J.: 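The structure that follows is given in the form of structure tokens.
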Amino acid sequence: PMENKPRKWEQKQVQIKTMEGEFSVTMWASGASD
Amino acid sequence: SRRHTNEIANSYDWDACLNDTYFVAAPVTCFKHAPIVDIWSNILVGMKVEVENTDCDNASETFPDSFWVATVTKIIGYKALLRYEGFGLNETKDFWVSLCSNQVHPVGWCATRGKPLIPPKTIEDKYSDWKDFLCKRLTGARTLPSNFASKVTDSMKSRFQCGLTLEVVDKNRISQVKVAVVHKIIGRRLNVKYYDMPPEDSGFWCHEDSPLLHPVGWAKKVGHHLVAPSQYVDRVRSGISEDNDASEELFTPVQIGSNDNTLTSGFRIGMKLEAIDPLNLSSICVATVMEVLNCGYIMIRIDTYDADATGGDWFCYHVSSPYIFPVGFCEQHSLALVPPKEFTLQTFNWKNYLSETGNVAVSASLFNTFVPAHGFEEGMKMEATDLMDPRLVCVATVAKMAGRLLRVHFDGWEEEYDQWLDCESSDIYPVGWCHSVGYKLEGPRVVPKHT
């Protein structure tokens with residue numbers, strides 16, 4: 001059943017662009033490799 | 001104002017109800033056939049997304065559209081309540097978006113397109129260093145997968161394509177199937193036109209998983225009555241296929257049938273059962289097995305009506321159908337069974353009826369009695385097809401449950417329009433489905449006040 005499907009959370013570097021400049025943060029993204 | 005894509009004229013918008021404390025929608029995970037249901041458990045309150053920032057000055061030439069980060073604070077059906085980062089506990093600018101749309105993006109989406117994040121005007125002076133603020137708020141937080149948009153697109157793709165030929169239950173005579181062609185597809189719902197339909201007829205709508213659809217050659221294989229051009233009948237008889245034939249690979253097991261004929265070995269002509277009336281889905285009726293077909297199908301007749309001597313009132317159910325029940329099902333679930341024509345609720349009794357008429361009930365062991373943990377509860381809102389006019393998808397509520405059946409009530413309409421539907425029916429959808437796929441949603445009926 002869907003409810004029992006393990007959640008795959010992967011840590012990933014995410015690029016952010018603001019008017020002051022760009023930087024990257026580490027976030028968790030789900031199901032990316034499903 | 002927020003940009004909406006694919007707005008449809010006069011389509012009902014749930015947004016006004018979503019902030020009501022007592023509004024409960026069936027979660028997306030209840031609908032096995034719904035788009036992105038396979039990844040829905042990974043979409044959570046607290047997630048960060050990038051979304052259009054509508055709290056800004058008029059668009060500049062450099063950046064015609066402005067985006068900012070928001071947090072998901074509530075999820076109802078496909079709808080999510082978002083709050084722009086930086087608003088703290090201030091809920092005044094919260095807004096609803098559809099998660100199954102191109103309105104929301106994973107964090108990082110803007111940077112890949114060279115778009116800078118621009119803070120909403122209301123809070124632009126709240127922090128002096130937005131870079132530092134975002135870094136702190138986003139580090140360690142959850143967001144959508146980077147392939148989210150393609151997951152959404154893929155999950156909405158139909159297995160079928162326009163122009164394919166298939167066999168479909170005749171909407172005007174349910175005891176026969178007719179050759180038809182897929183004319184239009186929206187949200188995996190097919191609009192089919194029977195081969196002999198006049199061009200002005202708007203055709204017949206049903207979901208691609210509907211048990212009313214079958215592959216080319218199905219009627220011949222199972223022994224069902226078919227209405228088709230003689231050329232079609234000849235080529236199917238000769239086993240000749242054409243490029244536009246919808247073949248078995250496109251269909252579900254219930255649409256194809258099983259090669260195991262032992263499935264129907266306990267069914268005999270004249271046996272009695274209880275069944276949903278295919279022409280009045282609010283009724284569960286006394287019914288009779290009229291014919292046993294191949295591949296696990298039976299033809300039944302609802303005993304409530306005068307018999308049609310031509311057999312035009314017979315209807316084909318697969319023996320695994322959730323819409324046929326053993327004798328006693330209604331009593332077990334405290335539901336009113338619609339008796340045969342010559343009886344009333346008070347005068348009908350299964351035991352006496354079977355002994356007086358010399359009929360036998362179909363063995364209870366031959367029915368599909370499995371009740372999945374579906375998650376539906378009474379009072380939950382959803383979008384549901386009006387199967388008496390299946391072009392319409394309407395605002396509806398789960399009124400009652402019996403085993404795996406849901407009694408679906410169409411908001412604003414009398415109970416006589418209710419429909420018993422299986423919990424896994426492809427004719428029910430989560431709140432926000434119509435908007436997501438670009439299909440018109442019919443709102444609750446509003447009765448004009450008498451003057």
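Lettering of chains follows the sequences in order, A, B, ..., and the numbering in each one begins at 1. The structure displayed is predicted, hence computed values, not measured ones.
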J.: Report yes if the side chains of Thr112(B) and Gln15(A) come closer than 4.5 Å at any heavy-atom pair, otherwise no.
T.: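 No, too far: nothing below the 4.5 Å cut-off.
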J.: Which region of Leu144(B), side chain (C-beta onward) or backbone (N, CA, C, O), has a non-hydrogen atom less than 4.5 Å from a non-hydrogen atom of chain A, or is it both or neither?
T.: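 When you check distances to chain A, only backbone atoms of Leu144(B) fall under 4.5 Å.
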J.: Step through the shown structure and confirm whether more than 12 heavy atoms of other residues, nucleotides or ligands are within 6.0 Å of NZ on Lys136(B).
T.: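 No - once you tally the heavy atoms of other residues, nucleotides and ligands closer than 6.0 Å, there are 12 at most.
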J.: Got a second to check how far Lys131(B)'s NZ is from Glu22(A)'s CD, nearest 0.5 Å?
T.: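 Between Lys131(B) NZ and Glu22(A) CD, I get 9.5 Å after rounding to 0.5 Å.
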J.: Would you check if Pro106(B) and Met27(A) make a side-chain contact, meaning some heavy-atom pair closer than 4.5 Å?
T.: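 Result no, sub-4.5 Å side-chain heavy-atom pair not found.
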J.: Report the option among Ala141(B), Pro119(B), Pro372(B), Gly108(B) that has the most heavy-atom pairs separated by less than 4.5 Å from atoms of chain A.
T.: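 The answer is Ala141(B).
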J.: Looking at every non-hydrogen atom in both residues, tell me the closest pair between Ile16(A) and Leu138(B) and how far apart they are.
T.: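 For Ile16(A) and Leu138(B), the tightest heavy-atom pair comes out as CD1-CD1, 3.7 Å.
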J.: Would Thr18(A) and Leu134(B) count as a side chain to side chain contact (heavy atoms under 4.5 Å, CB included) here? Give the steps.
T.: CA-CA 9 Å; Thr18(A) 67; Leu134(B) 283 180; 3.8 Å; yes
J.: Which atoms of Cys135(B) are under 4.5 Å from chain A, going by heavy atoms: the side chain, the backbone, both sets, or neither?
T.: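 Both backbone and side chain.
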J.: Looking at every heavy atom in both Lys17(A) and Gly114(B), which two are closest together, and how far apart are they?
T.: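 Reported closest heavy-atom pair: NZ-O, 3.4 Å.
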J.: Show the nearest heavy-atom pair for residues Ala29(A) and Pro145(B), with the distance to one decimal.
T.: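 Looks like CB-CA, 4.2 Å.
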J.: Nearest heavy-atom pair of Asn42(B) and Trp9(A): which atoms, and what distance?
T.: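 Taking Asn42(B) first and Trp9(A) second, the nearest heavy atoms are O-CH2, 3.5 Å.
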